[in-house]
Amino acid sequence: MTDQNIRTRFAPSPTGYMHIGNLRTALYAYLYAKAQHGTFILRIEDTDRTRYVADAVDFINRTLKLAEIVPDESPDLGGPYAPYVQSERMDIYKKYAEKLVELGHAYYCFCDPDEDHSQGKFGGYDRTCRDLPQDVIDAHLKNGDPYVIRQKMPLTGETTYFDVLHGNISIPNEELEDQVLLKRDGMPTYNFANVIDDHLMHVTHIIRGSEFITSTPKHVLLYQGYGWELPTFIHLAPVMGKNADGSTSKLSKRHGATSFDDLVKAGYLPQAIVNYVALLGWNPKDTNQEIFSMQELIEHFSLEGLSKSPAVFDYDKLGWVNGEYLKAMDAAEFADKARTFAGDLPDYLEAHWTELAALLQTRISRMGEIPEQIQFLINCPDFDADLYVNKRNKVTPEKAKDLLPAVIELLENIPESEWQNDNLYAKLEAHIEATGVKKGLMMWVVRIAAAGQKVTPGGATEIMTLLGKENSLARLKKSLAKLAEL
RNA sequence: GGCGCCAUCGUCAAGUGGUUAAGACACCGCCCUUUCACGGCGGGUUCAUGGGUUCGAAUCCCAUUGGCGUCACCA
């Protein structure tokens, strides 16, 4: 029922940034391996010295850990095919590159990359080095001249491979250039190291982005050149972002927070991000469920559920998923976590934080909204009398002016020690009954006068509870004074 | 531009020749309500276009259009 030998890998280059598209690729590779009781490998592809970023490997480790994507083999963990960092495997690539030359599928090229060459089809180089006599090659090598090793592509015919999502894909061989395998600095290129490592590490399923669809024939030719068995290819559709004009393009920084890190900082829970991202381009075949724990994702995951068309990243839906996680959180846990996003608070709010957090818990879709949500409790907004207008409850500024004095008097008689929500509510309710005013009208007036803002987390009495007696009355009086000017 | 991939509501999507074309987000309306939110109920000309194949097409084929990718000593 399960194949113990399934092995997938995530092979990022260390850029210090975990794009949401890469995270999704890692997730799917992980989910597939785990769903099949297989092995998930983390391999670092750091063959570009010019793009190396310090601490980037730590960053990747931390990110994967936060996302609960845990490798079975990695640079830190080691494993049967260590090392798992490409820059530590240079001798391996050199050996295999030379072997491919021997096999007749690659050749030495001594062209200078900075020099202009006769323009062949492929721009900066031509294929003349293919035909270099052996004695010329030997002389260059003996002389210690710099060189690269290029793959020798077939000039005719086409190369076909099978992709789980797309079926057979064929590319005419004449479209394939004699790509560099081993660079001048001795480092392998992605297209080479990737194939060597995937084979050596016994990767069975290559799950990666669709940008590699066109270069896969080159990889296939490499496997065939060595006489190696082909892995199974799965090319994922890209994650898109929505542009201001409504069009879409591959998700990038201009679409806002698009790295896992950015999203966490914006107040989305790691599990919620993973949950949402899992659904971007995949959906379970056996359920309409939308909220999944990592364990549930593993249980439901199958390659058949992968989508081959691009998916647009939707912050609204992410917000909904995150909101579901937020609401499901233990109240105390939410309060703690939310507190770290709230910033500096005045004493009265600090004292009422548990209540405030409870009000926020069902109202926000991400923690980053908290400061703006509670700002009105710290500084009363300077508001206009129009704010009192509410059609449904038939509220007008005039009515507010009529009702407020009695409320203020009532509240002034409530001792500080009895200034709690239930009591305030009870007192106001009694007052409402005594005066015969509609509850909605009265509460609206009080809430606006105290909050100075149309939409608030919590109703009139809840806000006054948070503000405290002194503060509430000060606000009410000030509001009344403003109304008196009318 | 060559080559390649893709195409179901605004978005994520189910669907694999015969369905009233699911579900979710968003949106709109109603209910609930001390505002908002939560929750409940309800709503919407969705199969890019044009040709085929077929008794029958969102499903198969071709073309067109559009989107995306790729064409580095980056990955």
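Reminder, nothing fancy here: chain letters follow the sequence lines and each chain counts from 1.
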Rounding to the closest angstrom, what is the interatomic distance between [N] and [M] at atom [atom1]?
N: rG50(B); M: rU65(B); atom1: C1'; value: 10 Å
N: rU19(B); M: rC32(B); atom1: P; value: 41 Å
N: rU16(B); M: rA22(B); atom1: P; value: 13 Å
N: rG44(B); M: rC38(B); atom1: P; value: 22 Å
N: rU49(B); M: rA58(B); atom1: C1'; value: 14 Å
N: rC74(B); M: rA37(B); atom1: C1'; value: 48 Å
N: rU8(B); M: rG66(B); atom1: C1'; value: 16 Å
N: rA21(B); M: rC9(B); atom1: P; value: 16 Å

In whole angstrom, give the distance that lies between atom [atom1] of [X] and atom [atom2] of [N].
X: I463(A); N: rA37(B); atom1: CD1; atom2: P; answer: 14 Å
X: Q420(A); N: rU34(B); atom1: CD; atom2: P; answer: 21 Å
X: K399(A); N: rU35(B); atom1: NZ; atom2: P; answer: 16 Å
X: D316(A); N: rC12(B); atom1: CG; atom2: C1'; answer: 12 Å
X: I44(A); N: rC74(B); atom1: CD1; atom2: C1'; answer: 16 Å
X: W320(A); N: rC12(B); atom1: CH2; atom2: C1'; answer: 11 Å
X: M240(A); N: rA13(B); atom1: CE; atom2: P; answer: 12 Å
X: E211(A); N: rA75(B); atom1: CD; atom2: C1'; answer: 9 Å

Need one value for [X]: base, sugar-phosphate or nothing, where a base atom within 4.0 Å counts as base even if backbone is also close, heavy atoms only.
X: F212(A); result: base
X: R208(A); result: nothing
X: T15(A); result: nothing
X: V148(A); result: base

*For residues 361-375 of chain A, which residues have at least one heavy atom under 4.0 Å from RNA chain B?*
T362(A), R363(A)
*Under a 4.0 Å heavy-atom cut-off, which of residues 429-462 of chain A touch RNA chain B?*
K439(A), M443(A), W444(A), R447(A), K454(A), V455(A), T456(A), G458(A), G459(A), A460(A), T461(A)
G-U wobble or Watson-Crick pairing nucleotide for [N] (cut-off 3.5 Å, both distances):
N: rA14(B); result: none
N: rG39(B); result: rC31(B)
N: rA63(B); result: rU49(B)
N: rA21(B); result: none
N: rG44(B); result: none
N: rC3(B); result: rG69(B)
N: rA75(B); result: none

*Examine K183(A) relative to Y147(A) and say whether NZ or CZ is less than 6.0 Å from the centre of the six-membered ring and inside a 45° cone about the ring axis.*
no
*Let me have a per-nucleotide readout for nucleotides 4-9 of chain B, 5' to 3', with B, S or -, counting only protein heavy atoms under 4.0 Å.*
SSSS--
So that I know where these two stand, are [X] and [Y] an aromatic pair - ring centroids less than 6.0 Å apart?
X: F162(A); Y: F233(A); answer: no
X: Y28(A); Y: F10(A); answer: no
X: Y388(A); Y: W444(A); answer: no

Parallel, tilted or perpendicular: which describes the rings of [X] and [Y], with under 30° parallel and over 60° perpendicular?
X: F292(A); Y: H300(A); result: perpendicular
X: F212(A); Y: Y190(A); result: parallel
X: H19(A); Y: Y17(A); result: tilted

*asked:* Between K401(A) and E398(A), does any NZ, NE, NH1 or NH2 come within less than 4.0 Å of an OD or OE carboxylate oxygen?
replied: no
*Is a salt bridge present between R43(A) and E45(A), judged by a nitrogen-to-oxygen distance below 4.0 Å?*
yes
*asked:* Using side-chain hydrogen bond (donor to acceptor under 3.5 Å, both in side chains), reason through H235(A) and T216(A) one step at a time and then give a plain yes or no.
replied: CA-CA 10 Å; H235(A) 288 102; T216(A) 299; 3.1 Å; yes
*Is the base of rA26(B) touched by the side chain of K317(A) through a donor-acceptor pair closer than 3.5 angstrom?*
no
*Would you say the base of rU35(B) and the side-chain of R392(A) have a donor-acceptor pair closer than 3.5 Å?*
no
_OP1 or OP2 of rG15(B) versus the side-chain N and O atoms of K285(A): is any pair under 4.0 Å?_
yes
*Between N283(A) and rA14(B), is there a side-chain N or O to OP1/OP2 distance below 4.0 Å?*
yes
*Verify stack between Y425(A) ring and rU34(B) base, 5.5 Å, 30 degrees*: yes
_K242(A) side chain, from C-beta outward: closest of rU35(B), rG10(B), rC73(B)_ = rG10(B)
*asked:* If you only use heavy atoms from C-beta on, which nucleotide in rC12(B), rC25(B), rG67(B) is closest to the side chain of D314(A)?
replied: rC25(B)
*Output yes when a side-chain donor or acceptor of D314(A) lies under 3.5 Å from a complementary backbone atom of D316(A), and no otherwise.*
yes
*Counting N and O atoms only, with roles assigned by atom type, does the side chain of Q151(A) sit under 3.5 Å from a partner on the main chain of M153(A), one being a donor and the other an acceptor?*
no
*Return the 5'-most residue of the pair L306(A), R184(A) with respect to RNA chain B, ranking by each residue's nearest nucleotide.*
L306(A)
*Could you note down all residue pairs passing salt bridge (charged side-chain N to carboxylate O under 4.0 Å, His left out) where residues 83-98 of chain A supplies at least one of them, sequence neighbours left out?*
R89(A)-D197(A), K94(A)-E98(A)
*salt bridge (charged side-chain N to carboxylate O under 4.0 Å, His left out) pairs, two or more places apart, involving residues 441-466 of chain A*: none
*Test salt bridge (Lys or Arg N to Asp or Glu O under 4.0 Å) applied to K242(A) - qualifying residues, sequence neighbours left out*: none
